[in-house]
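Here is the structure we will look at, set down as structure tokens.
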Amino acid sequence: NMRFTSLSINIHIIDKERRKYSAHFMMWLNSYERRKYSAHFMMWLNSYIKKVMNGEKLDPVLRLLFALPLYEVINRPLNVSIQELRPSFLPFTGTCVPGTKIAVDTKGILHSCEKVNDKMPIGTTKKWIDFEKITETLDRYNKHVGPGCINCPIQRFCPTCYRVLLTAQGEFNRKQMKPCQKLIEEKQRIFELAYTLMEKNVNLGNILER
């Protein structure tokens, strides 16, 4: 019997004007496929390090996998409290305030994002944004998510948002998200990569333009 595990991949694409687009993929891998993927990933990482150190041009895949996470680390706000970075009514995770951007479906219903399922509408094209519904959503989100985030060491980098936690029934469930420890370890590896490259005198200032 083979054990299967899920592999979640977020790919972010930044165009020439620095506008950001995202895609999310989910694959189910058995133990053999997982080991095979891990081996390939390390091969890609070593290739990335070698090309960056030699000043070679990166192919799009390596840039997406490694350059963007590095960019996030290098350009993080320094000496700024989390209270200044996040609104007081939504202090935890990297999720946005519903209504900051809007996705409209074919029925004229407004959603907070094109990646969130249809169980969290925020209004309609006829009546526009329902601020009371947004307030209720934020209250529920903070209640279910906030208590586990107070002492998190990656509050500034947490990628968790509504689409990860929102169930098909419209409830928020932390069990649906990647374990927090996994997220923390991923960020630690990115910091390790950034400092490894800088210790080798690699200029990461133009990392996205390579």
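Here the straight-line distance linking atom OG1 of Thr95 with atom CG of Leu165 works out to 8.0 Å at 0.5 Å rounding. With rounding to the nearest 0.5 angstrom, the CG atom of Asn46 is 10.0 Å from the NZ atom of Lys50. Remark: Phe89 CZ to Arg86 CZ distance equals 9.0 Å, nearest 0.5 Å. Taken to the nearest 0.5 Å, the SG atom of Cys96 stands 8.5 Å off from the CG atom of Leu90. Note that CG of Asn173 is 9.0 Å distant from CD of Glu171, once rounded to the nearest 0.5 Å. Distance CG/Leu70 to CZ/Phe191: 10.0 Å, rounded to 0.5 Å.
Residue pairs that meet the salt bridge (charged side-chain N to carboxylate O under 4.0 Å, His left out) test with at least one member in residues 183-197, sequence neighbours left out, are Glu72-Lys187, Lys178-Glu186.
Met198 and Ile74 fall within the same hydrophobic cluster, where Ile, Leu, Val, Met, Phe, Trp and Tyr residues are linked whenever their side-chain heavy atoms come under 4.5 Å apart, directly or through other members. Hydrophobic clustering (ILVMFWY, side-chain heavy atoms < 4.5 Å, transitive): Leu166 and Phe92 are in distinct clusters. The hydrophobic cluster containing Ile184 does not contain Ile150, counting ILVMFWY residues as joined when their side-chain heavy atoms lie under 4.5 angstrom apart, directly or transitively. Linking ILVMFWY residues whenever their side-chain heavy atoms come closer than 4.5 Å, directly or via other members, places Met53 and Ile190 in the same cluster.
Nearest heavy-atom pair, Phe157 versus Val73, reported as atom, atom and distance to 0.1 Å: CE2-CA, 4.3 Å. Nearest heavy atom pair, residue Val104 against residue Gly108, reads CG1-CA, 4.1 Å. Here the closest non-hydrogen pair linking Gly99 and Ile122 is N-CD1, 3.7 Å. The shortest heavy-atom contact between Met177 and Thr160 is CE-OG1, 3.4 Å.
Side-chain contact check for Pro91 versus Asn142: some heavy-atom pair is nearer than 4.5 Å. Leu197 has its side chain within reach of Tyr48: a pair of non-hydrogen atoms, C-beta onward, lies under 4.5 Å apart. At least one side-chain heavy atom of Ile154 sits under 4.5 Å from a side-chain heavy atom of Leu183. Side-chain contact between Arg174 and Cys149: present, with at least one pair of heavy atoms (C-beta onward) separated by less than 4.5 Å.
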Stepwise side chain to side chain contact (heavy atoms under 4.5 Å, CB included) check, Ile129 with Ile102: CA-CA 9 Å; Ile129 295 177; Ile102 296 172; 3.8 Å; yes

Assess whether side chain to side chain contact (heavy atoms under 4.5 Å, CB included) is satisfied between Met120 and Cys113, documenting all intermediate values. CA-CA 10 Å; Met120 199 183 85; Cys113 178; over 6 Å; no

Would you please test Thr125 and Leu110 for side chain to side chain contact (heavy atoms under 4.5 Å, CB included) and show each step? CA-CA 7 Å; Thr125 52; Leu110 308 182; 4.0 Å; yes

Take Lys126 and Thr124 through the side chain to side chain contact (heavy atoms under 4.5 Å, CB included) test and state the conclusion after the steps. CA-CA 5 Å; Lys126 290 184 178 180; Thr124 65; 4.0 Å; yes

The test is salt bridge (charged side-chain N to carboxylate O under 4.0 Å, His left out); show your working for Glu114 and Lys101 and say whether it passes. CA-CA 9 Å; Glu114 75 281 358; Lys101 66 175 181 177; 3.7 Å; yes

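Considering only residues two or more places apart in sequence or on other chains, Asp105 meets the side-chain hydrogen bond (donor to acceptor under 3.5 Å, both in side chains) condition with His111.
Side chain to side chain, Thr137 and Tyr162 fail the donor-acceptor criterion of an N or O pair below 3.5 Å.
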